[in-house]
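Some notes on the structure that comes next.
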Amino acid sequence: MIIVLGSINIDLTTTAAEIPKPGETVIGESFAQYAGGKGANQAVCAARLGAEVVFLGKVGNDSYGDFILREMERSGVDVSRVERCDTHTGLAAISVDANGCNCIIVVPGANFIVDTAYIERHRDAIERCDMIMAQHETPIDATEYAFKIAKAAKKTTLLNPAPAAMLSKEMILLTDILVPNEYELARIRGRRCDSIEAMEESALALQKRGIKTVIVTLGEAGVLYGGKVYPAFAADAVDTTAAGDSFLGGFAAAYAKNRDLAEAIQYGQIAASYSVQYKGAQSSMPAIEQFEEYKWSLLKKQM
Ligand code: RIB
C-alpha cells in the first residue's frame, strides 16, 4: 500500500495564446475547474494504474472539497483519513499558453493545516504501508514527522520537493528516493544545475549526504538517473499541468509493485507522456486500460 501525504487543490485554469508578463493583461480563450493538487494528482495516477493508495491530507468545509474527494474516490484512492477544517480547500490559479506550458499560484488553505498531531493520528497507516510519498505543498515539519515514523518502521520514503525549497539535514537523511526537477535540485543544492553534468554532480553530492536514489525530471527531455538520461516519449502537448505528478504516480505504482527502478521510470514516463495530451490535472491521467493501450503503441513505435 502506498500512502500519499499531500495537497488537494481545486485548479482554476485559464488558457490564452500567451501567459501575461507582470503588468500585462491578455484576453483568454477558455476557463475550466479541475481536481488538482500535487499530492492528490500523484495519488490518483497511482491508483488508476492499480496501486492501493491511502491519502493523508486536509480539505475545507466547502463544495470544492466535496468535488475533489468525490473525484479521488472514483479513481480508487482511499480518502477516509482526509480531514475537513474551517478554512477553504487549497486553490491553484493556473494559466496555460498555446504550447501547453503553464504557470501556477497556489493558495494552500486547508493543506497548510496538516500538522504533526494529524500525522500522529494516522501513525498506524504509515507503519503498515510499503511506501510513503510527499511533496512541498503541505508543511515540511509534518512530512518530516511522517517520514520519521516510516523510517522507524523500515518503510520506503519518496519526496518530490515541489515547489522548490531547501531541505534540512534531517529530511535528507529520512528520504530514500528524491525526485526533483532541475530548479528544485538547484535550490536544495544551493548552486546552479543548468547542465546534465551539474545535475549529476548535485545528485551524487546528495547521495553522499544520505539519499539513496535521486531521479531528476527534465521535462520534455526526460529523466536523469544514475548518470543516464532516459528520454521522454514524445507527445503533442496540449497542457503540461501535472505531467510531473503523472510521472510520480506512474513511477510509484510500478515501484511499489516490483522495486525495479528502470521499469518504474518507464512507467512514469508513459503516464506523463499520456497526460500532456489532455487538459487539466487529474482529468488528463490514464485509466489502466488506456495506459496499457498507450504503452503498447509507444513500444511498437520503438521496434
Ligand atoms: O503539479 C500540478 C499541480 O500543482 C496542480 O494540479 C496545482 O494544483 C498545483 O498544486
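In listed order, ligands and their atoms are each counted from 1. In this text the structure is predicted, and so the values were computed from the model without any measurement.
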Glu292, CD atom: more than 12 neighbouring heavy atoms under 6.0 Å:
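Above 12, so yes.
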N/O donor-acceptor pair under 3.5 Å between Ser246 side chain and Ala242 backbone
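Present.
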Any nitrogen or oxygen of [X], main chain or side chain, under 3.5 Å from a nitrogen or oxygen of ligand 1?
X	result
Glu137	yes
Asn9	yes
Ala281	no

Could you verify whether a donor N or O on one side chain and an acceptor N or O on the other, from Ser168 and Glu144, lie under 3.5 Å apart?
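Yes, a side-chain donor-acceptor pair sits under 3.5 Å.
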Are Thr156 and Asp176 close enough that a side-chain donor and a side-chain acceptor fall under 3.5 Å?
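No, Asp176 and Thr156 have no side-chain donor paired with an acceptor closer than 3.5 Å.
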Test side chain to side chain donor-acceptor pair (under 3.5 Å) applied to Thr13 and Asp11, step by step:
CA-CA 6 Å; Thr13 303; Asp11 290 355; 5.2 Å; no
So if I count the atoms of ligand 1 from 1 in the order they appear, which ones are less than 4.0 Å from some heavy atom of [X]?
X	answer
Ala92	7 (C), 8 (O)
Ile104	4 (O)
Gly36	6 (O), 8 (O)

Which residue and non-hydrogen atom of the protein lie closest to [atom], and at what distance in Å?
atom	result
atom 2 (C) of ligand 1	Asp245 OD2, 3.3 Å
atom 7 (C) of ligand 1	Asp11 OD1, 3.3 Å
atom 3 (C) of ligand 1	Asn41 ND2, 3.7 Å
atom 4 (O) of ligand 1	Lys38 NZ, 3.1 Å

Check the pair Tyr34, Glu71 against side chain to side chain donor-acceptor pair (under 3.5 Å), reporting the backbone distance first and the verdict last.
CA-CA 10 Å; Tyr34 299 107; Glu71 291 297 304; over 6 Å; no
Of Phe291, Phe251, Tyr255, the residue whose pairing with Tyr267 passes ring-ring contact (aromatic ring centres under 6.0 Å, His included)
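Of the listed options, the one satisfying the test is Phe291.
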Could you check whether any heavy atom of Gly37 sits closer than 4.0 Å to an atom of ligand 1, since that is the contact criterion I want to use?
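Per 4.0 Å heavy-atom rule, Gly37 contacts ligand 1.
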Decide side-chain contact (heavy atoms from CB on, under 4.5 Å) for Val77 and Gln282; before the verdict, give the C-alpha distance in whole Å, the side-chain angles of both, and the deciding distance to 0.1 Å.
CA-CA 12 Å; Val77 179; Gln282 290 161 39; over 6 Å; no
